[in-house]
Amino acid sequence: MASLQPVRGTHDILPDEARRARHVIDTGRNLAARYGYDEAATPIFEFSDVFARTLGETSDIVTKEMYTFTDKGGDQITLRPEGTAGIARALISGGLSQNLPLKFFYAGPMFRYERPQKGRLRQFHQIGVELLGVAEPIGDIEVIALGAAILDELGVRGNTQLELNTLGNTQSRAAYRDVLVEYFSDRRGDLSEDSQQRLDRNPLRILDSKNEGDRAIVIGAPEFDDSLDAESSDFFAEVCAGLDALGVAWHRNSRLVRGLDYYCHTAFEFTTDALGAQSAVLAGGRYDGLVEQMGGPSTPGVGWASGIERLSMLIGDGPEKTRAVAVIPLGDAAEAVALKLTDELRRSGVSVDLGFRGKMKQRMKRANNINARAAVILGDDELEQNAATVRDLDSGEQELVPLTALRDRLEQFR
RNA sequence: GUGGCUGUAGCUCAGUUGGUUAGAGCACCUGGUUGUGGUCCAGGGGGUCGGGGGUUCAAAUCCCCUCAGCCACCCCA
């Protein structure tokens, strides 16, 4: 083990993994564009208040997971733990609410101080979308459908299932919260220690508890649906109907609760059992109160985020690497010609590897190691004839090709 | 933050009740082949045994601390 270790929970994204990540991001960006979502990027750090005020004072992210520091100017800065708050801030500081609705796609690193395990890192990466300024259920439908389309395109949809729930509007949630607090308070002593704390801070999350004793109590808990007012249940019914119309299969999970305070109405998660305890692959919901809570004009919003590392683990090898052509010069004269030739080929669109040193055998070996498609051999014999030997590295066949015809001849190896 | 398991070469792993210079496969390098890779043969380099401390005549092996990874909890993407 090397004594120089990366910071806990961080890791290097080396070429194989970078290619998978790139594929995930490109797929997300391309599909999002097709749905009318433009890419945007907000800073990876913000004033701490941007997150502390909006995510909820009692949320785990704020209480224990934020990477916060004081910068040299004395400001409290936080590395972003998620993407939505930054977008909302940008909407306000940029005066973008004049141009609603807005549709954004983003990709980038997020930071949470958590204990790392499989599918969970301290610096991880997400792609996400936000739809701002649409209060209608069709917004939720579009956003979820886009998520489903991306998972389809990546070929991982079959490993996931869509869990759907509603948290209702503010009044409904408050009403449900009251009923729930009453129910659990009567059974407080039977709840796990964790859930007793949840009861004081965020009682809805008791519904999500994995503790066996809690689960037994949760089974008898009041249903959210009984507290939903007409507006809330109509809204949810429209979302469900829209997904049905699009053929997006979903599962009602009335125990699905999002961790962040700003969610309302629709909450959803595409989950998988292929990642151990980390089941959420793509998750989000509606956050109508967020922008206003941050000090901006009342602006409805709905969106989701998806972990790039988690998606990468589901897609297997991803797309194959482009196979290059290896140019192999023999001798100083050939080296000079090869340098120029290589540059011309690259500029004309051919992917070329030019070995930096070594004898022919070593260069051929390298060509093989990088999985080159063909070798272009330039030696004295070839130079005399203004030609190059082109060897197909898959078949082993080779032939002499005039330099003037080389570009065209290499076309067949693309 | 809590609990459990694990840490030996670049990778995957052997290493007996503590006992000489810690091994294998793959990978890498060199040669067989001075203009031909992928197969084969021969040879070679590479290890603070995660780190620190302790017990002992002697520690990869036993004990303590620490770091990291994995798993579960918490929470989530």
Side-chain angles (χ1 to χ4, degrees), chain A residues 1-11 14 24 55 58-65 81-84 107-128 147 160 192-195 197-198 202 205 208-212 214 256-260 267 269-272 275-284 303-314 326 328-331 334 355 358-383 388-398:
Chain A
M1 246 341 126
S3 57
L4 209 50
Q5 293 172 331
V7 174
R8 186 171 205 193
T10 67
H11 74 309
L14 299 175
V24 168
L55 301 180
T58 61
S59 71
D60 275 41
I61 288 183
V62 171
T63 55
K64 59 182 197 191
E65 294 177 4
E82 55 94 49
T84 306
M110 305 292 167
F111 306 83
R112 292 184 196 172
Y113 191 86
E114 296 183 276
R115 185 109 169 223
Q117 60 188 70
K118 197 182 198 73
R120 183 210 218 164
L121 295 156
R122 288 183 175 180
Q123 177 182 334
F124 60 106
H125 300 78
Q126 290 184 331
I127 57 174
T160 68
S192 66
E193 214 172 295
D194 282 339
S195 285
Q197 283 180 17
R198 293 188 182 104
N202 193 341
R205 274 203 247 147
D208 227 3
S209 176
K210 289 177 185 171
N211 179 285
E212 272 187 44
D214 289 347
L256 176 64
V257 179
R258 313 260 59 231
L260 309 180
E269 278 183 11
F270 285 88
T271 61
T272 180
L275 296 177
Q278 275 59 244
S279 59
V281 171
L282 186 154
W304 52 253
S306 181
I308 292 173
E309 285 86 354
R310 291 185 184 177
L311 287 172
S312 293
M313 280 190 276
L314 294 177
I328 298 178
L330 306 170
K359 298 184 293 190
M360 182 176 198
K361 179 171 176 152
Q362 296 166 318
R363 293 186 191 240
M364 285 295 286
K365 193 175 175 68
R366 171 171 167 82
N368 193 61
N369 285 346
I370 64 169
N371 194 28
R373 181 66 185 82
V376 173
I377 300 162
L378 278 172
D380 293 339
D381 296 349
E382 286 83 358
L383 287 184
T389 296
V390 174
R391 180 179 177 89
D392 182 326
L393 290 175
D394 287 349
S395 69
E397 291 168 14
Q398 63 185 46

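A note on names: the letters A, B, ... follow the listed sequences, proteins ahead of strands, and every chain is numbered from 1.
Between the CE atom of A:Met110 and the C1' atom of B:C75 there is a distance of 17 Å, given to the nearest Å. Taking atom CD on A:Glu114 and atom P on B:C71, their separation rounds to 14 Å, with Å as the unit. Atoms CZ (A:Arg122) and C1' (B:G1) sit 11 Å apart, rounded to a whole Å. Rounded to a whole Å, the NE2 atom of A:His11 is 10 Å from the P atom of B:C70. Straight-line distance from the CD atom of A:Glu309 to the P atom of B:C76: 18 Å, rounded to whole Å.
Note on A:Arg115: a base of the nucleic acid sits closer than 4.0 angstrom, heavy atoms only. A:Gly9 comes within contact range of the sugar-phosphate backbone alone, with a heavy-atom separation under 4.0 Å but no base atom that close.
Pairing each heavy atom of A:Gly83 with each of A:Gln126, the nearest pair is N-OE1, 4.3 Å. For the pair A:Arg122 and A:Tyr113, the tightest heavy-atom approach, listed with the atom from each and the gap, is NH1-CE1, 3.2 Å. Nearest heavy atom pair, residue A:Gly358 against residue A:Arg363, reads O-NE, 2.9 Å.
Across B:C73, B:C75, B:C67, the shortest atom-to-atom separation from the side chain of A:Gln5 is found for B:C67.
Between the base of B:C74 and the side chain of A:Arg198 there is no donor-acceptor pair shorter than 3.5 Å. Checked by distance alone, A:Arg120 brings no side-chain donor or acceptor within 3.5 Å of a matching partner on the base of B:C71.
Nearer the 5' end of RNA chain B, as judged by each residue's closest nucleotide, is the contact made by A:Pro6, out of A:Pro6 and A:Leu282.
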- When you check every protein heavy atom under 4.0 Å of nucleotides 28-38 of chain B, what one-letter string (B, S, -) results, 5' to 3'? SSSS-B-BBBB

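A donor atom on one side chain and an acceptor atom on the other are not found under 3.5 Å apart for A:Gln123 and A:Thr10.
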- Dot-bracket summary - RNA chain B, pairs being Watson-Crick or G-U whose distances fall under 3.5 Å, with | when paired to another strand: (((((((..((((.....[...)))).(((((.......))))).....(((((..]....))))))))))))....

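At least one donor-acceptor pair closer than 3.5 Å links the side chain of A:Gln362 to the backbone N or O of A:Lys359.
Between A:Gln117 and B:A72, a side-chain N or O to OP1/OP2 separation shorter than 4.0 Å is present.
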